[in-house]
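Numbers here are sequence positions counted from 1. Keep in mind it's a predicted model, so treat the numbers as computed, not measured.
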Amino acid sequence: MSHGPYDPLLPGPDSIRLLRIMPDKNETAPIRCELCRYSLQESGKGSHLYEVLSYVWGDPDNVLPIFIAKYRVYITKNLYAVLLRLRDYSFERIIWVDAICINQADDEEKGNQIGSIAKIYGQAKRVIVWLGEAADHNDGALETIRAAGKNADFPSGEKIHRAILQLLQRPWFRRIWALQEVAAARHVLISCGTTDIDGYAFCSGFSRHMLSKRVDRYVPYS
């Protein structure tokens, strides 16, 4: 009986699969990947050389194909967009992403793997938070937050403030598990469209921006 691209996991409670995204210089080429089995015990304590993707699945009816070995696998458009964003021209990219690395047709496996989520996130070298494609000046919002986090001059007008608030209304911020995922992470990178920002810089920059808005509200203008 064929299980598609899924071989049985290795014995033991710390067995997972990792997704290897194959490089391609052609941005329009199909996404080709491989699944490999991996034990979180292999490197002992410390982080491992894989990244974890934290994202929103998106519309289950809006799907696009990728190739895992010889198999055509359909994934949501939002996941496809971030895999395309992560694919390198020259080097393989190794990530863990729930929709692919867990056999979604195997309820027993899903239950076991969910119990390992904290360890998967906590031992990754980095968690990538994908907010989605750029829209509504969200790139500008992230650049403003980045500048604020560096204590540099940053725009603080009403337009950019609205863009930042719109960014925070992205579906990822409403995910039940989002905070638990990033809380377990050693390092967080937040991505929106083509813009990336360190997770710590995002938090500090956003706090500084909001503080400036409160100060502006109460300081009289001469």
Side-chain angles (χ1 to χ4, degrees), residues 1-24 30-58 60 63 65-76 78-88 90-130 172 175-191 198-200:
M1 178 179 176
S2 173
H3 295 280
Y6 295 102
D7 290 329
L9 290 168
L10 296 171
D14 293 325
S15 176
I16 62 173
R17 296 185 189 89
L18 295 174
L19 184 71
R20 183 184 291 121
I21 307 173
M22 308 309 293
D24 204 305
I31 297 175
R32 299 189 180 276
C33 308
E34 296 176 358
L35 278 172
C36 56
R37 297 179 297 175
Y38 185 76
S39 173
L40 292 174
Q41 296 179 339
E42 286 188 10
S43 296
K45 295 182 179 179
S47 63
H48 298 252
L49 296 179
Y50 68 88
E51 300 168 293
V52 169
L53 184 61
S54 177
Y55 70 110
V56 174
W57 281 34
V63 295
I66 65 170
F67 293 91
I68 302 178
K70 65 181 181 179
Y71 297 95
R72 183 192 298 262
V73 176
Y74 285 88
I75 61 174
T76 61
N78 190 47
L79 179 53
Y80 187 93
V82 65
L83 293 186
L84 196 61
R85 169 85 162 79
L86 293 176
R87 182 171 66 180
D88 191 80
S90 304
F91 300 101
E92 298 175 355
R93 195 79 177 259
I94 298 177
I95 69 169
W96 184 90
V97 53
D98 56 357
I100 300 175
C101 293
I102 299 175
N103 183 357
Q104 300 296 322
D106 186 332
D107 289 338
E108 181 178 359
E109 180 181 308
K110 282 197 294 184
N112 293 334
Q113 291 284 285
I114 287 172
S116 300
I117 291 294
K119 183 176 288 187
I120 293 170
Y121 276 77
Q123 294 191 13
K125 70 174 182 179
R126 181 166 67 180
V127 171
I128 300 171
V129 173
W130 172 248
W172 184 86
R175 288 184 64 236
I176 295 174
W177 300 107
L179 291 180
Q180 296 182 41
E181 290 171 355
V182 297
R186 296 168 182 264
H187 178 212
V188 175
L189 183 74
I190 297 175
S191 296
D198 176 81
Y200 177 79

Roughly how far, to the nearest 0.5 Å, is the [atom2] atom of [Y] from the [atom1] atom of [X]?
| X | Y | atom1 | atom2 | result |
| --- | --- | --- | --- | --- |
| Lys125 | Ile94 | NZ | CD1 | 8.5 Å |
| Asp14 | Ser39 | CG | OG | 5.5 Å |
| Glu109 | Asp107 | CD | CG | 10.5 Å |
| Leu10 | Gln41 | CG | CD | 10.5 Å |

Measure across [X] and [Y] and return the closest heavy-atom pair with its distance rounded to 0.1 Å.
| X | Y | answer |
| --- | --- | --- |
| Asp88 | Ser90 | OD2-N, 2.7 Å |
| Ala118 | Ala184 | O-CB, 4.0 Å |
| Ile68 | Pro5 | CG2-CB, 3.7 Å |
| Glu181 | Ser54 | OE1-OG, 2.6 Å |
| Gln123 | Leu40 | OE1-O, 3.4 Å |
| Arg85 | Ser191 | NH2-OG, 4.4 Å |

| task | Check step by step if side chain to side chain contact (heavy atoms under 4.5 Å, CB included) holds for Ile66 and Arg72. | result | CA-CA 6 Å; Ile66 65 170; Arg72 183 192 298 262; over 6 Å; no

Can you confirm whether [X] sits close enough to [Y] that some side-chain heavy atom of one is under 4.5 Å from a side-chain heavy atom of the other?
| X | Y | value |
| --- | --- | --- |
| Ile16 | Gln113 | yes |
| Trp96 | Tyr38 | no |
| Val129 | Trp172 | yes |
| Ile31 | Phe67 | no |
| Trp130 | Leu53 | yes |
| Ile114 | Ser116 | no |
| Arg17 | Ile100 | no |
| Val127 | His187 | no |

**Study point:** Donor-acceptor side-chain pairing of Asp98 and Tyr55 below 3.5 angstrom
**Key:** yes

Which of these passes side chain to side chain contact (heavy atoms under 4.5 Å, CB included) with [X]: [options]?
| X | options | result |
| --- | --- | --- |
| Ile21 | Arg32, Arg87, Glu34 | Arg87 |
| Leu35 | Asn103, Leu19, Asp7 | Leu19 |
| Ile95 | Ile128, Val52, Leu83 | Leu83 |

Within the side chain of Thr76, is there an N or O that forms a donor-acceptor pair under 3.5 Å with the backbone of Trp57? yes

Just by modelled atom types, is the Leu86 backbone N or O under 3.5 Å from a matching donor or acceptor in the Arg93 side chain? yes

| Can you check side chain to side chain contact (heavy atoms under 4.5 Å, CB included) on Met22 and Glu92, steps first, answer last? | CA-CA 5 Å; Met22 308 309 293; Glu92 298 175 355; 3.5 Å; yes

* For the pair Tyr50 and His48, name the ring-plane relationship: parallel under 30°, tilted 30 to 60°, perpendicular over 60°. => tilted

* Step-by-step side chain to side chain contact (heavy atoms under 4.5 Å, CB included) determination, Gln104 to Lys110 -> CA-CA 7 Å; Gln104 300 296 322; Lys110 282 197 294 184; 3.3 Å; yes

Side chain to side chain contact (heavy atoms under 4.5 Å, CB included) between Val56 and Arg175: does it pass, once the steps are laid out? CA-CA 8 Å; Val56 174; Arg175 288 184 64 236; 3.5 Å; yes

What do you reckon, is CH2 of Trp177 surrounded by more than 12 foreign heavy atoms closer than 6.0 Å?
no

